[in-house]
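Hydrogens, waters and symmetry mates are skipped; everything else that's a heavy atom, side chains included, is used. If you read the sequence from its start, that first residue is 1, and numbering goes on from there.
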Amino acid sequence: MHTRTLTEQKIDVAHLATGMYVHRLDRDWLGTPFSLEGFYIRSPEDIQTIRKICDYVVIDLKRSNLNFIVGKYHEKPPEEKLKVREYFNTVTISEELPNAKIAHENATSLTRTIISDIRAGKKLNLDDVRSAVEPVVQSVLRNADAFFWISNLRKRDAYQYSHAINCSLLAVALGRHMGFAESVLMDLATGGLLLDVGKYELPQDLLDNPDPLSKTEMVLVRRHVAFSMHILESSGVHNLDIISMIRTHHERFDGNGYPSHLIRNQIPLFGRMAGIIDSYDAMTSNRPYRKAMSPHKALQEIYRQRNVLYQGDIVEQFMQCLSVYPTGSLVELNSGEVAIVMAQNHARRLRPRVMLLTTADKKLKDSFTEVDLFMHALHDDQQSHLEIIGTVENGTYGIDPTELYLSPVT
């Protein structure tokens, strides 16, 4: 991991604080309340004014007075959040797989306990939450592909369990991609795990209902956000980033979300991120009323809703994070073979490392072989290049990766 501090830093308006020196806006200065091209943020009122007219600003770190503590919960000084971090895999996917497997099993067990406690009317055990998410964060920091591999290739538990763990994973992976500090990744992982904690107070038959919800049922389901807030408050959760992430993950960029119909930058950054994460995992999961989409199709659907339901900049970051063909996706090659994506080549996103599962006539191979499509393109002549021509839905040609024993060897 490398860290570099910039003189000028683009910052989302959700992270503004007094003492910062605003060097540029995301719009023309003309018509704004600010008469000079550059000013200090001197009050919370200044922050509110900026948030009403901008999505982001550029601050000058050298001129900013950042020697203060923000808010009553004593968050880290803003300069810690403004450092750009570049994370690199420190181990191979095969080296990380045992740790990722243990982390996933640990998170699953603790999530079961957390859900059981909430349903029994007990307080949220914060030690269990931290014990569940910390190994996930550490695994993703070492090698993000390994945990995605484990998560996608194991048979899914009940939706509530798998959704909680997957949202936690996706939040960490997106935060890692965006260069957030490790402490921030822990907040994202925690918020992801607890996104729907209020749903555990709803009747299970309502959550499992395969039919369209009535208006009354929809109102009840949407109350889970208020239930979540009560659970967090009564359990002593005071982290504002986690609270706002959970409270706003159903808000939408165009204002058509709930519960408060917030719009654009009125939604905190973590809430905007969580809206995409929550939707993606819901789309790629089997539900009582529909089958799961392929990861590739789910990304396409989210992309179509950029700057409508979801902020376009974050959608693009999410797609870069997961890549065109996310780890665990079934794909078809120009050779006719079906493969599963094992790991990403971030320099060449259309050429990930894959494991070949079938022959050209779609018969399952006796043994599975790994191919790095990027390296293959470098070393073979143009006519023999292997490349992905499309995605394959789980179950097509009788292939279900969760039924196969798949383990990377390199």
Side-chain angles (χ1 to χ4, degrees), residues 104 107-126 128-130 132-133 136 151 156-175 187-210 213 217-235 237 239 241-252 257-260 262 267-268 270-290 292 298 302 309-310 318:
H104 195 286
T108 300
S109 176
L110 288 170
T111 300
R112 287 179 181 275
T113 299
I114 291 166
I115 292 175
S116 178
D117 284 350
I118 297 300
R119 285 178 173 162
K122 298 179 182 178
K123 289 185 178 181
L124 184 66
N125 187 319
L126 301 185
D128 282 350
V129 174
R130 184 174 184 85
V133 302
V136 175
S151 181
R156 294 207 171 190
D157 298 294
Y159 177 72
Q160 289 92 341
Y161 305 131
S162 61
H163 184 63
I165 295 168
N166 289 340
C167 286
S168 184
L169 164 63
L170 289 164
V172 178
L174 180 56
D187 292 344
L188 284 167
T190 301
L193 191 79
L194 301 177
L195 276 186
D196 286 334
V197 67
K199 283 187 176 179
Y200 311 148
E201 293 192 349
L202 296 174
Q204 188 62 45
D205 58 351
L206 176 62
L207 299 177
D208 293 338
N209 184 7
L213 297 178
E217 290 171 329
M218 181 63 73
V219 169
L220 180 57
V221 168
R222 289 188 171 188
R223 287 185 62 195
H224 81 272
V225 177
F227 295 157
S228 293
M229 294 299 99
H230 174 73
I231 290 169
L232 296 179
E233 182 179 1
S234 63
S235 301
V237 177
N239 186 300
D241 284 335
I242 294 172
I243 292 170
S244 66
M245 179 178 178
I246 296 169
R247 186 183 66 244
T248 63
H249 76 281
H250 284 296
E251 302 289 353
R252 291 297 178 258
Y258 67 90
S260 301
L262 302 178
I267 309 168
F270 284 9
R272 281 173 270 156
M273 294 168 64
I276 296 170
I277 288 163
D278 180 61
S279 297
Y280 173 81
D281 188 68
M283 291 177 189
T284 55
S285 300
N286 285 319
R287 306 299 300 277
Y289 45 85
R290 60 152 177 77
I302 287 173
L309 300 182
Y310 318 106
F318 187 65

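- When side chains are defined from C-beta on, R247 does not count as touching S228, because their heavy atoms never get closer than 4.5 Å.
- The two residues Y310 and G275 make their nearest non-hydrogen contact at CE2-O, 3.7 Å.
- Between G271 and T248 the shortest heavy-atom distance is CA-OG1, 3.2 Å.
- Side-chain contact check for L206 versus L213: some heavy-atom pair is nearer than 4.5 Å.
- For V237 against I243, the heavy-atom pair with the smallest separation is O-CD1, 3.5 Å.
- Atoms OG and NZ, from S234 and K122 in turn, are 14.5 Å apart once rounded to the nearest 0.5 Å.
- Atom CD of E233 has 12 or fewer heavy atoms from other residues, nucleotides or ligands within 6.0 Å.
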- Residues I242, M245; criterion side-chain contact (heavy atoms from CB on, under 4.5 Å); working and verdict: CA-CA 5 Å; I242 294 172; M245 179 178 178; 5.7 Å; no
Could you go through residues 187-203 and list every donor-acceptor pair under 3.5 Å that involves a side-chain atom there, pairing it with any protein atom two or more places apart or in another chain?
{"residue": "D187", "atom": "OD1", "partner": "N239", "partner atom": "ND2", "Å": "3.2"}
{"residue": "D187", "atom": "OD2", "partner": "N239", "partner atom": "ND2", "Å": "3.4"}
{"residue": "T190", "atom": "OG1", "partner": "M186", "partner atom": "O", "Å": "2.8"}
{"residue": "D196", "atom": "OD1", "partner": "H224", "partner atom": "NE2", "Å": "3.4"}
{"residue": "D196", "atom": "OD1", "partner": "H249", "partner atom": "NE2", "Å": "3.2"}
{"residue": "D196", "atom": "OD2", "partner": "H163", "partner atom": "NE2", "Å": "3.4"}

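- The main-chain N or O of I267 is found under 3.5 Å from a side-chain atom of R272 such that the two form a donor-acceptor pair.
- Of all heavy-atom pairs between V136 and A107, the closest is CG2-CB, 4.2 Å.
- The SG atom of C167 lies 12.0 Å from the CG atom of L174; values are rounded to the nearest 0.5 Å.
- Proximity of a side-chain donor or acceptor of S116 to a complementary backbone N or O of R112 within less than 3.5 Å is not detected.
- Contacts of S235 classified as side-chain hydrogen bond (donor to acceptor under 3.5 Å, both in side chains), with partners at least two apart in sequence or in another chain: none.
- Taking the side chain as every heavy atom from C-beta outward, Y258 and E251 never approach each other to under 4.5 Å.
- Residues passing the side-chain hydrogen bond (donor to acceptor under 3.5 Å, both in side chains) test with Y280: none are found, sequence neighbours excluded.
- Within the 3.5 Å criterion, the main-chain N or O of L124 finds no donor-acceptor partner in the side chain of D117.
- The main-chain N or O of S162 is found under 3.5 Å from a side-chain atom of N166 such that the two form a donor-acceptor pair.
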